[in-house]
Amino acid sequence: MRKTPLWSTWLLGAPVLVLLFVFLVLPYGEMVAMSFRTPATSAPYGNAWTFAHYLKALGDPFYLGVLGYTLAVGTLIAVLTLILSYPIALHLARVGDRWYLLFYACVVSPLLVGVLVRNFGWMIVLSFSGPLNQILLALGLIEQPLRLLFNLPVVVLGLVHVFVPFMVLPITNALRNIDPALEEASHSLGATRWETFCRVTLPLSLPGVLAGVTLVFALAISAFVTPALLGGQNVVLMPSIVIQQLIGAFAWPFGAALAMALSLAMLIEIGVLTLAMRPLLRRVARWS
Amino acid sequence: MRCLWSVLLALLYTFLLLPLIVVVLASVSGGQVLRFPPEGFSLKWYARFFSDETFISALLLSLRLALVSALVVSVLAVTSALFYRRLSARWRGPFRILVLLPMLLPEILTAIGLLFFLYHLGLGSSMFGLQVSHIVVTLPFSFLAVTAALQQVDLTLEEASSSLGAGALETFWRVVLPLLRPGLFTGALFTFIVSFDMFTMSFLLKPIGGNTLPLALFDYLKYDFDPTAAAAATVSVVFALVVVFVVERTVGLRRAF
């Protein structure tokens, strides 16, 4: 084969490299730099450098409270998503080829539908005259329709719903990679199905669980639309505070610092989780 | 035990599909207010949607953004996938991560970064900025599909083509590109759907008067809660499904050869 000239290689790479450098690397760089700038009234930010925004973001009880609350809600969402997704992943990993595509389509359907349509569906279901209230009324469990919307549980419900695919797919992958001989060996050595699940299947699926939990946690704490629509004014999480600083108050350097603080906190929590899971994963890695 | 397990699974799958079913059924309701189960059957909310100028211009803008993104991203995905294949093993990992970054980073952070940066360039709230942001965010989906397809391309086919006297460009047009077509279609499909549904990015970067369909729906839902919104939502779902169907058909037909 003729040797491909070097200039043609760079011609292929140049458009993407330029695009990503200009519209991804530079914007992130500027955002990090901006979070250390002094505020100004006539320009987005002043000329001097300062650490004050971080001191304010991490020193003010209000912002620190919102940050802690956001991380707690993100953790709750990741745990709930895991609980709902594991049975689906078990089912999807074992379903025959004939039905796989249908169930796969059901699992990814929340993603295909789009963020607004999804939330809108939940708003109808939970509205004052919606089906849930009607069912509860018909069953005689309540006498008056309940106001179900605009609170934290609804936000958690809406977010868990859309994150299920991100949890199911990595766990299904991990489960499909388990050698069936291991489970058969466990059975033939006298373990019950439940024991086999707890001591063979579950530990071997942990890498998938870790991947899913990390992804869902990161997505959960940066979600903006669902909390705004389903939580209304009653649920205050970090992303909406950041947006409010940027668009409402035009406090760009402080908003950038808040966004940075949120990303840092996220990285720390994911790092701690990964380290905590490490001994377990290492034990699992020895078997497979 | 088995029975309980089946019930649990049925409940979980219902949970996943519930919002979609509810929206579609509510959009054909004959009643005046949005309620479920719907009262009677009527297409009047679709008539209202298609005669509403705000919704129609938003729909057209969304379609334009999604189509331009799909076209530009497809070209970029092919060049970057070919570049990726030519890179030495050492640089492949870093390049791959760079291209996938827009998918891995939180959309809201990327949107904020672009908001500052475009404003700085004097392109704040411009159609150009909105289009570029859609291209940057959808690129990873296409790149993944095209690199996966490129891995399946047999290198000996290219060697055969060039040893038979074809130039590099001719080999690309007549051998590599046809083989990449399924991956290219899948990538374009994802790009279209992701761009069509993108909310946070458009919300922060939209030009004045430049509402996309999700933004128009968001504005509408803030003040009204009637089935027109359900009709708008169903229209956007149908567009996504039509694209899936068309691509499935096209790629399916190509594979028949």
Side-chain angles (χ1 to χ4, degrees), chain A residues 1-2 4 8-9 11-13 15-17 19-20 23-28 30-31 34 44 84 87-88 91 103 106-107 109-110 112-125 127 129-131 134 161 164 218-219 222-225 229 239 242-243 246-247 252 255-256 259 263, chain B residues 5 8-9 12-13 15-20 22-23 26 33-37 76 79-80 82-83 86 98-99 101-102 106-110 112-117 119-120 132-133 135-136 139 158-159 162-163 168 193 196-197 199-200 204 214 217-218 221 225 229-230 233 236-237 240 244:
Chain A
M1 198 171 171
R2 267 169 297 194
T4 44
S8 74
T9 303
L11 199 65
L12 284 172
V16 165
L17 289 174
L19 178 83
L20 291 179
F23 292 105
L24 192 74
V25 178
L26 284 183
Y28 267 91
E30 195 191 5
M31 184 161 54
M34 188 184 314
L84 291 188
I88 302 179
H91 175 248
F103 286 111
C106 289
V107 168
S109 71
L112 284 180
V113 170
V115 64
L116 270 150
V117 180
R118 222 159 44 218
N119 287 320
F120 183 43
W122 288 119
M123 286 163 90
I124 300 174
V125 172
S127 65
S129 55
Q134 283 177 14
H161 174 254
V164 164
L219 289 168
S222 53
F224 165 67
V225 189
L229 278 175
V242 174
I243 296 279
L246 294 171
I247 293 187
W252 285 16
S263 334
Chain B
W5 174 245
L8 175 70
L9 282 175
L12 287 173
Y13 280 111
F15 167 67
L16 287 178
L17 292 173
L18 192 63
L20 176 60
V22 167
V23 166
V33 283
L34 210 125
R35 66 164 69 235
F36 191 91
L76 286 173
T79 57
S80 52
L82 291 172
F83 178 68
R86 286 195 193 178
L98 174 72
V99 179
L101 267 183
E107 189 182 330
I108 191 161
L109 274 190
T110 313
I112 295 169
L114 276 168
L115 175 72
F116 294 150
F117 184 71
Y119 178 86
H120 214 148
V132 165
S133 70
I135 289 172
V136 168
L139 179 63
E158 284 171 73
E159 282 167 28
S162 65
S163 70
I193 291 176
F196 197 74
D197 284 330
F199 183 82
T200 311
L204 284 179
L217 198 51
F218 184 74
L221 282 177
F225 202 67
S236 76
V237 173
V244 173

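In what follows, every chain begins at residue 1, and chains take the letters A, B, ... in the order their sequences are listed.
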Part of [X] lying under 4.5 Å from any heavy atom of chain A:
| X | value |
| --- | --- |
| B:Leu8 | side chain |
| B:Phe196 | neither |
| B:Leu76 | both |
| B:Ile108 | side chain |

For the residue pair [X] and [Y], what are the closest heavy atoms and their distance?
| X | Y | value |
| --- | --- | --- |
| B:Phe116 | A:Ala256 | CE1-CB, 4.1 Å |
| B:Pro19 | A:Arg118 | CB-O, 3.6 Å |
| B:Ala233 | A:Phe120 | CB-CD2, 4.2 Å |

Let me know if [X] has heavy atoms under 4.5 Å from chain B in its side chain, its backbone, both or neither.
| X | value |
| --- | --- |
| A:Ala259 | both |
| A:Met34 | side chain |
| A:Leu24 | side chain |
| A:Leu11 | neither |

- Task: Determine, stepwise, if the pair A:Val25 / B:Leu98 fulfils side-chain contact (heavy atoms from CB on, under 4.5 Å).
- Result: CA-CA 9 Å; A:Val25 178; B:Leu98 174 72; 4.2 Å; yes
- Message: With a 6.0 Å cut-off (strictly less than), is the heavy-atom count around OH of B:Tyr119, excluding the residue itself, greater than 12?
- Response: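 Count not over threshold, so no.
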Side-chain heavy-atom pair [X], [Y] within 4.5 angstrom cut-off:
| X | Y | value |
| --- | --- | --- |
| B:Asp197 | A:Val115 | no |
| B:Leu109 | A:Val242 | no |
| A:Leu17 | B:Phe83 | yes |
| A:Ile88 | B:Leu16 | yes |

- Item | Set of residues satisfying side chain to side chain contact (heavy atoms under 4.5 Å, CB included) with respect to B:Leu18, sequence neighbours excluded |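 With sequence neighbours excluded, B:Leu18 shows a side chain to side chain contact (heavy atoms under 4.5 Å, CB included) to A:Trp122, A:Val125, B:Val22, given in chain and number order.
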Quick check for you: to the nearest 0.5 Å, what is the distance between [X] atom [atom1] and [Y] atom [atom2]?
| X | Y | atom1 | atom2 | value |
| --- | --- | --- | --- | --- |
| A:Leu116 | B:Phe199 | CG | CZ | 5.5 Å |
| B:Ile112 | A:Glu30 | CD1 | CD | 13.0 Å |
| B:Leu12 | A:Cys106 | CG | SG | 12.0 Å |
| A:Leu20 | B:Leu139 | CG | CG | 6.0 Å |
| A:Ile243 | B:Thr200 | CD1 | OG1 | 7.5 Å |

- Mind ranking B:Val237, B:Leu114, B:Leu217 by heavy-atom pairs under 4.5 Å with chain A and telling me who comes out on top?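 Looking at each option in turn, the highest pair count goes to B:Leu114.
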- Message: For the interface with chain A, which of B:Val132, B:Leu115, B:Ile135 has the highest count of heavy-atom pairs at distances below 4.5 Å?
- Response: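 Top count of heavy-atom pairs under 4.5 Å with chain A: B:Val132.
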- Item | Best-contacting candidate, A:Asn119, A:Leu246, A:Leu219, A:Val117, against chain B by heavy atom pairs under 4.5 angstrom |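 With the most close heavy-atom pairs to chain B, the winner is A:Val117.
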- Taking only residues two or more places apart in sequence or in another chain, which ones pass side chain to side chain donor-acceptor pair (under 3.5 Å) with B:Thr110?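 Listed in chain order: A:Tyr28.
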- Query: So B:Tyr13 and A:Phe103, would you call those rings parallel, tilted or perpendicular, with 30° and 60° as cut-offs?
  - Reply: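 Rings of B:Tyr13 and A:Phe103: tilted, 30 to 60°.
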